[in-house]
Amino acid sequence: MEKSLSGSPKHELKKVLGVSFGVAVMIGGTIGAGILRTPGTIALMLDNYWLIVLCWLFGGLYVLMGVSSFSEMATIMPKAGGPYNYVMRAFGTYFGFLTGWLDYLINAIGPAYFCIVISEYVTILFPAWAGRETLVAVGFLLVFTAFHLVGVQGGSIAQQIMSLAKVIFFVVLIAACFFVRVDHISFRQPLPVVGGGLLIGILKSMQLIVGAYDGWWSACFFAEEDKDPEKNLPRSLFMGAVTVILIYVIFNVALFYVVPIGSISTSTLVASDAAKIVFGSGGATFVVVLAIASLVSILNAYMMIPARILFGLSRDGFFVRQGSVVNKGGTPTVALLCSSGLALGLILVGSFEALFSLSAFISLIVLGFAFGALIKLRRAEPNLTRPYRAWGYPWTSILVLLVTVGLFVGFAISDWYNFVLILIIVGLSYPAYRLIKKV
């Protein structure tokens, strides 16, 4: 199928994106509700500020090693859809098919989730809308779908503006935390590390932290639309990663500065507690606005990502041919409408919640295959032109793969229900693949 589509303007994405969009989509696709909600749970499990900060730094190191590996793969194959392209070249069409559809699944449920969470925060700001959350969520989905149907350029500009606004909100909150006068400076107070279940606490904390970092490879989905992917993609990925890591680590330190770790461990939204201390009665409103800004930015990114994956799958014969049709504005219209239709159904039915709980689990499969693809291609195709080479290879690539496998095993041990669901999905994937190949 790919041969029949190549060279046709109707099946080609526009090369209009650059470094600024790559950084913006990474920040927008990563920083969300996770960093606002996880500090309390992590503090409850670890109860030691140095250990908590080290865990966030370790998560950041994992991301940087992953960015290095993805930079090599994305510059070799700057194609829409990202990871599944690397896996397909290294391990064959079936594993590409499996990885692509798993990646699409975890990204396609994002718009539904983010629209619903945005609607919940909006009703906090506007209590008169309480009870109409579903209507508000559907409204956000329809507005963003219509906006992205116009073309990729508008989505790119919006992503850069919203990601910048998100960073500004976090910087303001962080700066306010350090400038406020408090009776305690909790990060200067030595606190005991919890005994007994420390290892389990670290593993579960790392699962939350890795989940908060999810989305760091977002720029790879748009590689085919980048004006100069060989130079821009590594820059986008590393600049975005460093920005996110700094915000996450400094944000945690700022929280410890104004909120005692004992209070953090009992809070479901520590950012709100900190904001109340530094901004007074208006602190809660500030955090709601911060949350909405973060979620709108990530929603904009996730309106674009699933369509790119489905576009690539369609072009490679893994979905209907119409899925690779691109309009004059550079938007894969059928792929976008199909993805929005799925999100609409999940919003109305609410059945997306079970799928969303699977997303972090499934993302480890996608990442594991992608990291494995780098190692396989280094051995199978040593003479392949590589505009960028992963630093520290093979040790960094092997290490990041082992960490990914370890996290997956940890997930499997702690969550048998979702592990069984994944086994069922993977088991059904091969018959589905064979059926599609016959059509």
Side-chain angles (χ1 to χ4, degrees), residues 26 29-31 34-35 38 41-42 45-46 48 50-74 82-84 86-87 90-91 95 98-99 102-103 106 197-220 234 237-238 240-242 244-246 248-249 252 358-379 388-415 418-419 422 426:
M26 182 173 172
T30 303
I31 302 177
I35 184 59
T38 56
T41 306
I42 293 172
M45 291 187 289
L46 297 184
N48 182 286
W50 292 117
L51 186 56
I52 292 170
V53 171
L54 283 174
C55 283
W56 281 100
L57 285 171
F58 180 79
L61 179 61
Y62 171 77
V63 169
L64 285 175
M65 289 189 294
V67 160
S68 182
S69 295
F70 266 67
S71 293
E72 176 171 326
M73 302 303 292
Y84 93 88
Y86 326 146
V87 176
F91 300 114
F95 287 102
L98 173 63
T99 304
L102 288 178
D103 205 12
I106 61 178
L198 177 60
L199 179 59
I200 297 297
I202 291 175
L203 288 174
K204 292 193 173 191
S205 296
M206 285 309 305
Q207 290 177 1
L208 293 174
I209 288 170
V210 170
Y213 277 115
D214 263 356
W216 56 261
W217 62 95
S218 299
C220 296
L237 288 167
F238 276 105
V242 170
V244 172
I245 293 166
L246 286 175
Y248 280 9
V249 173
N252 275 271
L358 283 170
S359 61
F361 213 149
I362 294 176
S363 70
L364 292 175
I365 300 176
V366 175
L367 290 175
F369 272 121
F371 295 140
L374 170 63
I375 298 171
K376 173 70 182 301
L377 288 177
R378 278 289 189 111
R379 294 185 175 186
Y388 175 91
R389 287 179 173 267
W391 53 266
Y393 181 88
W395 307 115
T396 53
S397 298
I398 292 173
L399 179 59
V400 76
L401 176 59
L402 291 176
V403 171
T404 303
V405 172
L407 288 170
F408 182 83
V409 172
F411 274 47
I413 293 173
S414 62
D415 191 354
N418 281 335
F419 179 62
I422 288 176
V426 172

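Counting begins at 1 with the first residue of the sequence. Source: prediction; values computed, not measured.
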Looking at [atom1] of [X] and [atom2] of [Y], how far apart are the two atoms once the value is rounded to the nearest 0.5 Å?
| X | Y | atom1 | atom2 | answer |
| --- | --- | --- | --- | --- |
| L61 | L57 | CG | CG | 9.0 Å |
| L407 | L364 | CG | CG | 5.5 Å |
| F238 | M26 | CZ | CE | 9.5 Å |
| I413 | F408 | CD1 | CZ | 11.0 Å |
| I202 | M45 | CD1 | CE | 10.5 Å |
| L374 | R379 | CG | CZ | 11.0 Å |

Next item on the list: Run through I42, L208, N48, I209 and flag the one making a side chain to side chain contact (heavy atoms under 4.5 Å, CB included) with C55.
Entry: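 Checked I42, L208, N48, I209 against C55; only one passes side chain to side chain contact (heavy atoms under 4.5 Å, CB included): I209.
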Notebook entry, point to check: Name the one of S69, S68, S397 that satisfies side-chain hydrogen bond (donor to acceptor under 3.5 Å, both in side chains) with W391?
Noted result: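 Only match with W391 under side-chain hydrogen bond (donor to acceptor under 3.5 Å, both in side chains): S68.
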Check: Could you walk me through whether W56 and I52 pass the side chain to side chain contact (heavy atoms under 4.5 Å, CB included) check?
Finding: CA-CA 6 Å; W56 281 100; I52 292 170; 3.8 Å; yes
What is the minimum heavy-atom distance between [X] and [Y], and which atoms define it?
| X | Y | answer |
| --- | --- | --- |
| Y248 | A212 | OH-O, 2.8 Å |
| V400 | G66 | CG2-N, 4.0 Å |
| V87 | F95 | CG1-O, 3.6 Å |
| G368 | L401 | O-CD1, 3.4 Å |
| S218 | G29 | OG-CA, 4.1 Å |
| S363 | D214 | OG-OD2, 3.6 Å |

Item checked: Whether over 12 other heavy atoms sit under 6.0 Å from F58 CZ ->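 Result for CZ/F58: open.
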I'd like to check [X] versus [Y] (side-chain heavy atoms, cut-off strictly below 4.5 Å). Are they in contact?
| X | Y | result |
| --- | --- | --- |
| D103 | Y84 | no |
| T99 | F91 | no |
| W217 | V67 | no |
| N252 | I35 | yes |

Next item on the list: Anything under 30° is parallel, anything over 60° is perpendicular, the rest tilted; go ahead and classify F371 against F70.
Entry: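 F371 vs F70 ring planes: perpendicular.
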Next item on the list: Applying side chain to side chain donor-acceptor pair (under 3.5 Å), run through W216 and T30 and close with a yes or a no.
Entry: CA-CA 6 Å; W216 56 261; T30 303; over 6 Å; no
Margin query: Walk me through whether L102 and I422 qualify under side chain to side chain contact (heavy atoms under 4.5 Å, CB included).
Written below: CA-CA 10 Å; L102 288 178; I422 288 176; over 6 Å; no
Note to self: Tell me which pairs pass side chain to side chain donor-acceptor pair (under 3.5 Å) where either residue lies in residues 365-378, with sequence neighbours left out.
What the structure shows: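 Only E72-R378 qualify under side chain to side chain donor-acceptor pair (under 3.5 Å).
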Next item on the list: Keeping the roles fixed (side chain from Y213, backbone from A241), state whether a donor-acceptor pair exists under 3.5 Å.
Entry: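 Side chain of Y213 to backbone of A241: no pair is present.
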Check: Yes or no on side chain to side chain contact (heavy atoms under 4.5 Å, CB included) for S205 and T38, after CA distance, side-chain angles and deciding distance?
Finding: CA-CA 9 Å; S205 296; T38 56; over 6 Å; no
Margin query: Determine whether the aromatic ring centres of residues Y86 and F369 are separated by less than 6.0 angstrom.
Written below: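 They do not qualify: ring centres at least 6.0 Å apart.
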